[in-house]
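The structure appears right after this line, and notes come after that.
Proteins come first, then strands; the chains are lettered A, B, ... in the order of their sequence lines, and each starts at number 1. All values derive from a computational prediction rather than experimental measurement.
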Amino acid sequence: MPRPLEKEEKDLKESGHLAERDSEKSNLGPGICGQIEKLVLCKRYNEALELFEIVECEGGDFDVNVDTYDALVGACIALRSIRGVKRVFSHMVNSGVDFDLYMMNRVLLMHVRCRMMIDARQLFEDMPERNLVSWNTIIGGLVDSGDYLDAFSLFLMMWEEDSDDVGSRTFATMVRASAGLELISPGQQLHSCALKMGLSGDVFVSCALIDMYSKCGSIEDAKFVFDMMPEKTTVAWNSVIAGYALHGYSEEALSMYYEMQDSGVKMDHFTYSMIIRVCTRLASLPHAKQAHAGLIRNGFGSDVVASTALVDFYSKWGRIGDARNVFDRMPQKNVISWNALISGYGNHGRGAEAVDLFQQMVRQGMVPNHITFLAVLSACCYSGLSDRGWEIFESMSRDYKVKPRAMHYACMVELLGREGLLDEAFSLLRDSPIKPTINMWAALLTACRVHKNLELGKYAAEKLYGMEPEKLSNYVVLLNIYSSSGKLQEAAEVLRTLRRKGLRMLPACTWIEIKKQQYVFFTGDKSHPQTKEIYDNLEEVKLQISKHGYLPHGNNLLPDVDEREESMLLHHSEKLAISFGLISTPSSTPLQLVQSHRICNDCHNAIKLISTVYQREIVFRDGSRFHHFKDGHCSCGDYW
DNA sequence: CTAGGGTTAG
């Protein structure tokens with residue numbers, strides 16, 4: 001039963017929300033209707049609906065007036081309770097209460113909010129009269145549930161019925177529908193209509209337009225609409241930043257964020273979530289720390305989404321301890337938060353802890369999804385926990401009713417491949433209930449490369465050519481397999497195929513951030529002002545790691561780059577970047593690098609030794625995965 | 001009617 005309402009009642013009376021209540025309706029006991037209305041006013045919606053249900057069950061029919069129905073409808077809207085909608089609505093119908101236009105619109109909204117779109121459409125059809133609110137409610141509901149085309153046809157009906165009555169709200173909604181369809185032309189038409197009707201100054205229309213243009217691929221138009229806004233709201237800034245982030249313009253997104261900060265507009269948890277994600281892509285620790293501080297300072301520290309983004313950031317950049325800290329402080333966590341941390345542990349080569357967390361999450365009643373399983377399976381895979389991996393793989397559909405998808409099979413192919421069980425890996429791929437996908441063949445091909453199985457590797461590579469003939473890296477892996485086993489003729493053949501197809505290898509580049517500044521290095525790069533120091537230091541590094549057993553072995557494995565680079569092994573972009581990092585940061589500072597291609601064997605080996613000799617943690621993201629080098633070991637288990 | 005923007009994997 002509801003707890004007493006004295007405090008809220010007092011507050012409401014003082015604020016004028018409660019007037020001469022209780023006396024006027026006394027048809028049922030001690031003012032049940034009044035109780036319900038008060039509970040709704042205090043946002044205690046669950047209790048309001050419970051009370052309604054109790055009275056309904058006990059008393060059979062009791063008189064409820066319009067205000068109480070309105071309150072109950074409000075409770076259903078707030079709670080999105082389908083059960084509530086059914087009960088309240090049928091009570092209303094049976095009571096013969098008068099559905100005026102206002103009440104019809106409320107009832108319509110109640111159905112829309114609870115995603116009962118079939119009933120909502122029927123209600124709308126049956127309405128004896130409709131106004132702008134009715135149209136907006138039903139059209140908005142259709143857009144929210146992704147029925148964009150239906151939304152358009154209703155909008156056109158509305159337009160024909162009375163085009164003068166179409167307001168800015170409707171326009172904003174329809175612009176959102178165009179964004180959902182990812183069709184720019186209806187969006188443009190709506191834009192010009194809005195201009196003609198003088199609605200373009202409307203904040204909501206502008207924000208919807210920004211979002212629509214960026215989702216339809218025109219960030220320039222989005223920026224134009226944004227620039228035209230006389231007063232830029234938080235959402236306007238967020239929308240345009242989201243646009244840049246969506247298109248991979250991370251630097252632009254970041255600089256817009258600083259402009260937003262300077263403009264004095266309040267930033268919210270949406271802003272921070274996006275920016276933290278941008279920092280993840282840019283591998284920028286200082287900017288991420290700044291955003292983390294801002295998040296806390298502005299009181300969004302307990303936001304689930306932003307905190308999850310932070311967990312992801314810290315774990316991707318080598319700071320799994322910090323990730324864990326953020327996670328442990330989160331007052332609420334969702335599946336995504338757990339997934340982020342589990343895959344973090346997996347990427348750090350800490351599979352046992354990932355499995356522990358998985359079990360902990362299940363014990364706490366969190367329901368794992370397909371991504372959870374991908375995270376925990378790949379954690380087992382990276383750490384060589386194959387028995388545990390198989391157990392979990394088998395339990396996922398049996399105990400958790402999550403059907404393994406192609407990616408889960410690809411992961412298990414990799415798990416077998418790591419152990420050198422290539423035939424078993426191939427059988428799993430062939431016998432899986434899913435048609436083998438690119439990822440499954442690629443996992444097999446990687447296994448063949450690492451374990452030097454020419455025949456199967458060639459077979460997998462050919463499959464991949466058929467599936468993605470324009471993708472360079474497939475050819476390069478085969479090229480590597482051939483050249484590393486001395487099959488030079490075959491290697492030359494692959495190169496000829498490449499030329500025939502006009503596929504050019506792109507130069508590899510590595511970038512590193514020092515003091516909030518990004519530096520990019522190409523192989524043999526001499527454009528940096530400190531070039532001499534970088535190269536001299538590299539010689540010194542080579543000398544130091546040679547004492548610990550470093551031997552250049554360029555003929556062993558080509559990187560995914562131009563063959564010219566083979567002779568420039570020592571000057572690979574990752575080595576240059578690391579050399580620069582070593583001389584530009586205090587000792588024991590971790591280094592963070594991003595590489596466009598897959599790291600080559602020689603660099604991988606060299607970096608492992610550097611991490612020991614110079615006592616540096618080196619976090620390296622390459623084209624295929626995440627490497628965390630520490631004390632001479634890499635989190636990938638030397639398999640990538 | 002009270003709109004518009006955000007997090008995990010690939």
Under 4.0 angstrom, heavy atoms only, what part of the nucleic acid is Ser168(A) near: base, sugar-phosphate, or nothing? nothing
Select one nucleotide: of dG10(B), dG5(B), dT7(B), the one nearest the side-chain heavy atoms of Val305(A). dT7(B)
Distance check needed: dT8(B) C1' versus Phe358(A) CZ, whole Å only. 15 Å
Just checking Ala236(A): base, sugar-phosphate only, or nothing, at a heavy-atom cut-off of under 4.0 Å? nothing
Categorize Asp312(A) for me: base, sugar-phosphate, or nothing, with a 4.0 angstrom heavy-atom threshold over every strand shown. sugar-phosphate
I'd like to know if the side chain of His111(A) and the backbone of Leu108(A) have a donor-acceptor N/O pair within less than 3.5 Å. no
Atom CD1 of Ile438(A) and atom P of dG10(B) are separated, to the nearest Å, by 15 Å
Set of residues satisfying ring-ring contact (aromatic ring centres under 6.0 Å, His included) with respect to Phe124(A), sequence neighbours excluded: Trp135(A)
Is the shortest side-chain N/O distance from Arg277(A) to OP1 or OP2 of dT8(B) below 4.0 Å? yes
Is it the case that atom CD in Gln364(A) sees more than 12 heavy atoms from other parts of the structure closer than 6.0 Å? yes
Closest approach to the side chain of Leu374(A), judged atom by atom: which nucleotide of dG10(B), dT7(B), dG5(B) is it? dG10(B)
Please enumerate all residues that pass side-chain hydrogen bond (donor to acceptor under 3.5 Å, both in side chains) together with His269(A), with sequence neighbours excluded. none
Sequence neighbours left out, what passes ring-ring contact (aromatic ring centres under 6.0 Å, His included) with Tyr382(A)? Give chain and number order. none
Rounded off to whole Å, could you give me the CE-to-P distance for the Met366(A) and dT8(B) pair? 17 Å
Salt-bridged, Glu125(A) to Arg121(A), with N to O below 4.0 Å? no
Members of residues 109-134 of chain A that approach DNA chain B, where some heavy atom sits under 4.0 Å away: Leu109(A), Arg113(A), Val133(A)
Checking the side chain of Ser315(A) only, and the main-chain atoms of Ile320(A) only, is there a donor and an acceptor separated by less than 3.5 Å? no
Enter the distance from Asp622(A):CG to His627(A):NE2 here, rounded to the nearest 0.5 Å. 3.5 Å
Distance check needed: dG5(B) C1' versus Phe300(A) CZ, whole Å only. 13 Å
Between dT7(B), dG5(B), dA3(B), which nucleotide gets closest to the side-chain atoms of Phe204(A)? dA3(B)
Could you walk me through whether Tyr272(A) and Asn298(A) satisfy the side chain to side chain donor-acceptor pair (under 3.5 Å) test, starting with their C-alpha distance in whole Å, then the side-chain angles of each, then the deciding distance to 0.1 Å, before giving a yes or no? CA-CA 10 Å; Tyr272(A) 289 112; Asn298(A) 291 299; 2.8 Å; yes
Grab the CG-C1' distance between Asp144(A) and dT2(B) for me, whole Å please. 13 Å
From Arg625(A) atom CZ to Asn347(A) atom CG, the distance as rounded to the nearest 0.5 Å: 8.5 Å
Leu108(A) CG to dT2(B) P, in whole Å, measures 12 Å
Asp268(A) side chain vs Phe270(A) backbone, donor-acceptor pair below 3.5 Å: yes
Residues in residues 255-270 of chain A with a heavy atom under 4.0 Å of DNA chain B, by number, are Asp268(A), His269(A), Phe270(A)
About how many Å separate OG of Ser168(A) and CE of Met197(A), when rounded to the nearest 0.5 Å? 9.5 Å
Starting at atom CG of Leu377(A), determine the distance to atom P of dG10(B), rounded to an integer number of angstrom. 12 Å
Looking at every strand, decide which applies to Asn369(A) at a 4.0 Å heavy-atom threshold: base, sugar-phosphate, or nothing. nothing
What integer distance in Å separates Asp211(A):CG from dG5(B):P? 5 Å
Heavy-atom contacts under 4.0 Å between residues 314-347 of chain A and DNA chain B, which residues? Lys316(A), Asn334(A), Ile336(A), Asn339(A)
